[in-house]
Amino acid sequence: MWNRVELIAREVFSTYGFGEIRPPIFEPTELFARAVGGDTDIVSKEMYSFEDRDETSVSLRPEATASVCRAYIEHNMNQLPAPVKLYSMGAMFRRERPQKGRYRQFYRINVEVLGGSDAPGIDAEVIEMVMTLFARVGLLSVQLEINSIGHSAAPVDGKLVCRRAYVEKLREALIEVKDKLGEDSRRRIETNPLRVLDSKLEHEQAIIATLPRIGDHLCDDCGKHYAEVKRQLELRGVSFRENWRLVRGLDYYMRTTFEITAQGLGSQNAVCGGGRYDGLVELLGGPPTKGIGFAIGEDRLILSLQEAGKGGAVQGRDVYIAWLGEKAQATAIAAARKLRDAGLRVELPAVEQKFGKALGQADRLGSRYALILGEDEVASGQWTLKTLADGSQAKYSEAELLEFLKSNKGP
Ligand code: HAM
């Protein structure tokens, strides 16, 4: 299943013009602190950080976007035709409380589009691509939620615009209800009020519903961008739900944010999260660069497919070669090589087995055919092929057998 998902992902991504990048497993801690944000849970509580021999701090990657942006800068990818479209796959590490769908080492399929414009058509195409992938792998009950969290430009004429102005309003509103909030949310009023909107605490939900909403505070440009993202999604036939509380847990996002949920995952039901991060490359010391991307939680994707009964594919064989006797072994070895060269999945037992035992083993391995090679078969050159599903048998010469099996390959 893992291979199938990754294979389909590579196919889908290449049809959209993406190439692969393989970022390192660890980076300077500073990179994640700057990119993801020192106050985020990921950086402040969940990173596996170590001191290197030169006493600098390095961390196992908790996510890939920071590394891809670092590589973009380091390798002058702004010189490449824009936008640069990259995907990567691999393990990430976060010291979270493990539970179903949440692990400390987990696998991700990560996509980034860097450089070029911030046209809403790019946001919509990236989302269309992940929805196409989910449809191709057969994910069920897929729900896309989107939001715009505005941008955080410097004040204009001394006035805060867009997200900063909204965050101030939100902070004021939160201070008024401070006593009713839990400890985490109270702390976030100062550190990161937006994150209060992410709260899953039951008793905070009614309070959060009364808070000011970002949609009412977007500046003209951000409002237009968001409206156009929605129109572009509609043009592509991608259905979505708006969720004004979707703020995401990483600091680099601006404007478009999105998350996708799927069936059978319980509380950890987000299989994909992403958004736009136009300021990030510049923040890391590169040129002003637009950026948008997402990451799929591959463990969760597989879990959801399994829950939907799409898992557990048995790794079958096309042919199990049941051989008996020294001469038959030599014939069996040569036959196995020819069948494998023809792309057939072949099991060749290393030690002699009685035919009854061999056939039982062939069955347990989910083989479609058993090729029976005893002394009679070797002497006559007529090999016996047994179809395990119905027990029927037929005799073939070597050449006929090869032809027959090639045209009757398994799925
Ligand atoms: P994120 O929302 O932190 O985003 O993670 C994306 C996805 O990774 C989640 O939706 C979830 O499926 C999976 N995931 C996260 N933590 C765990 C865990 N402990 N166990 C299993 N799965 C997990 C990011 O990290 C962004 N870098 C995504 C992005 C790329 N944004 C722009 N480009």
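Panel note: side chain Trp244, backbone Ile149; no donor-acceptor pair is recorded below 3.5 Å. Proximity of a side-chain donor or acceptor of Ser380 to a complementary backbone N or O of Asp376 within less than 3.5 Å is detected. Side-chain atoms of Glu63 do not come within 3.5 Å of backbone N or O of Phe32 as any donor-acceptor pair. Distance alone, capped at 3.5 Å, places no donor-acceptor pair between the Arg195 side chain and the Leu250 backbone. Using a distance-only test at 3.5 Å, with no hydrogens or angles considered, no donor-acceptor pair links the side chain of Ser59 to the main chain of Arg61. In this structure, Thr56 contributes its side chain and Asp52 its backbone to no donor-acceptor pair below 3.5 Å. Not a single donor-acceptor pair under 3.5 Å links the side chain of Asn269 to the backbone N or O of Leu265. The closest donor-acceptor contact from the side chain of Arg108 to the backbone of Ala295 lies at 3.5 Å or more, if one exists at all.
With 3.5 Å as the limit, one finds no donor-acceptor pair spanning the side chains of Gln263 and Ser304. Checked by atom type, the side-chain pair Tyr107/Gln105 shows a donor-acceptor distance below 3.5 Å. Counting only N and O atoms by type, the side chains of Gln143 and Thr261 include no donor and acceptor under 3.5 Å apart.
Closest approach of Ile189 to Arg171, counting heavy atoms only: O-NE, 2.8 Å. Residues Ala336 and Leu348 come closest through the heavy atom pair CB-CD2, 4.0 Å. Minimum interatomic distance between Ile8 and Arg136 (heavy atoms only, all atoms of both residues): CG2-CB, 3.7 Å. Contact detail for Gly38 and Val43: the closest heavy-atom pair is CA-CG1, 4.0 Å. Ile122 and Ser117 get closest at one heavy-atom pair: CD1-O, 3.3 Å. Of all the heavy atoms in Ser57 and Thr29, the pair that sits closest is OG-OG1, 2.6 Å.
For the atom pair Ser49 OG and Glu51 CD, the distance stands at 11.0 Å (nearest 0.5 Å). The distance from atom CG of Asn243 to atom CG of Asn147, rounded to the nearest 0.5 Å, is 6.5 Å. If you take CG on Leu174 and OG on Ser185, they are separated by 8.0 Å, rounding to the nearest 0.5 Å. Rounding to the nearest 0.5 Å places NZ of Lys354 at 9.5 Å from NZ of Lys357. Atom CG of Leu401 is separated from atom CH2 of Trp383 by 6.5 Å, given to the nearest 0.5 angstrom. Taken to the nearest 0.5 Å, the CG atom of Leu197 stands 9.0 Å off from the CD1 atom of Ile214.
Within the 4.5 Å cutoff, side-chain heavy atoms of Cys69 are placed close to those of Leu114. Counting heavy atoms from C-beta outward, Lys169 and His217 have side chains that approach closer than 4.5 Å. Put simply, the side chain of Val319 does not reach to within 4.5 Å of the side chain of Glu347, judged on heavy atoms. Counting only heavy atoms from C-beta outward, the side chains of Arg34 and Leu284 approach each other to under 4.5 Å. Between Glu242 and Ile146, the closest side-chain pair of non-hydrogen atoms falls below 4.5 Å. Side-chain atoms of Arg102 and Arg94, non-hydrogen and from C-beta on, never get closer than 4.5 Å to each other. Contact check for Met254 versus Arg163: side-chain heavy atoms found under the 4.5 Å cut-off. Using a 4.5 Å heavy-atom cutoff, the side chains of Asp318 and Val346 are not in contact.
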Q: List the steps and the verdict of side chain to side chain donor-acceptor pair (under 3.5 Å) for Tyr396 and Glu398.
A: CA-CA 6 Å; Tyr396 296 95; Glu398 182 181 345; over 6 Å; no

Q: Give the intermediate values and the outcome of side chain to side chain contact (heavy atoms under 4.5 Å, CB included) for residues Glu298 and Trp2.
A: CA-CA 8 Å; Glu298 205 179 343; Trp2 288 81; 3.3 Å; yes

Q: Take Asp41 and Glu96, measure what side chain to side chain contact (heavy atoms under 4.5 Å, CB included) needs, and give me the verdict at the end.
A: CA-CA 9 Å; Asp41 285 353; Glu96 296 191 83; over 6 Å; no

Q | Ser267/Gln99 under side chain to side chain contact (heavy atoms under 4.5 Å, CB included): CA gap, chis, key distance, verdict | A | CA-CA 10 Å; Ser267 64; Gln99 61 184 89; 3.3 Å; yes

**Q.** Residues Met129, Val111; criterion side chain to side chain contact (heavy atoms under 4.5 Å, CB included); working and verdict
**A.** CA-CA 10 Å; Met129 181 169 83; Val111 161; 3.9 Å; yes

Q | Test salt bridge (Lys or Arg N to Asp or Glu O under 4.0 Å) applied to Glu6 and Arg4, step by step | A | CA-CA 5 Å; Glu6 288 170 11; Arg4 183 174 155 267; over 6 Å; no

Q: For salt bridge (Lys or Arg N to Asp or Glu O under 4.0 Å), just list the numbers for Arg70 and Glu27, CA-CA rounded to whole Å, side-chain angles, deciding distance to a tenth of an Å, and then say yes or no.
A: CA-CA 10 Å; Arg70 198 254 320 125; Glu27 294 267 7; 2.7 Å; yes

**Q.** salt bridge (Lys or Arg N to Asp or Glu O under 4.0 Å) assessment of Glu307 paired with Lys100
**A.** CA-CA 12 Å; Glu307 299 267 333; Lys100 180 183 166 192; 3.4 Å; yes

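Heavy-atom neighbours of Arg22 CZ from other residues, nucleotides or ligands within 6.0 Å: at or below the threshold of 12. Other residues, nucleotides and ligands contribute at most 12 non-hydrogen atoms within 6.0 Å of the CG atom of Asp220. Tyr103 OH: more than 12 foreign heavy atoms inside a 6.0 Å radius. With a 6.0 Å radius and a threshold of 12 heavy atoms from other residues, nucleotides or ligands, Asp216 has its CG atom above the threshold.
For the pair Lys395 and Glu400, the salt-bridge criterion is not met [side-chain N within less than 4.0 Å of a carboxylate O]. A salt bridge links Arg231 to Glu228: at least one charged side-chain nitrogen sits closer than 4.0 Å to a carboxylate oxygen. Contact check on Lys327 versus Glu375 returns no salt bridge, with no Lys/Arg side-chain nitrogen under 4.0 Å from an Asp/Glu carboxylate oxygen. Salt bridge absent: Arg187 and Glu183 never bring a charged side-chain N and a carboxylate O closer than 4.0 Å. Salt bridge Arg95/Glu46: absent, no basic N to carboxylate O contact under 4.0 Å.
Here side-chain hydrogen bond (donor to acceptor under 3.5 Å, both in side chains) pairs that include residues 276-295, with residues two or more places apart or in two chains, are Glu112-Tyr277, Asp123-Arg276, Arg276-Asp278. Sorted by first and then second residue, the salt bridge (charged side-chain N to carboxylate O under 4.0 Å, His left out) pairs with a member in residues 247-271 read Asp118-Arg255, Arg248-Glu259; sequence neighbours excluded.
For an aromatic pair to be called close, the ring centres must be under 6.0 Å apart, and Tyr369 with Tyr320 fails this.
The side-chain tip of Lys230 points at the ring of Tyr226 from less than 6.0 angstrom away and within 45° of straight on.
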Per-pair distances, 0.1 Å, donor-acceptor, side chain in residues 80-93, under 3.5 Å, sequence neighbours excluded:
| from | atom 1 | to | atom 2 | distance (Å) |
| --- | --- | --- | --- | --- |
| Lys85 | NZ | Tyr16 | O | 2.9 |
| Tyr87 | OH | Arg10 | NH1 | 3.2 |

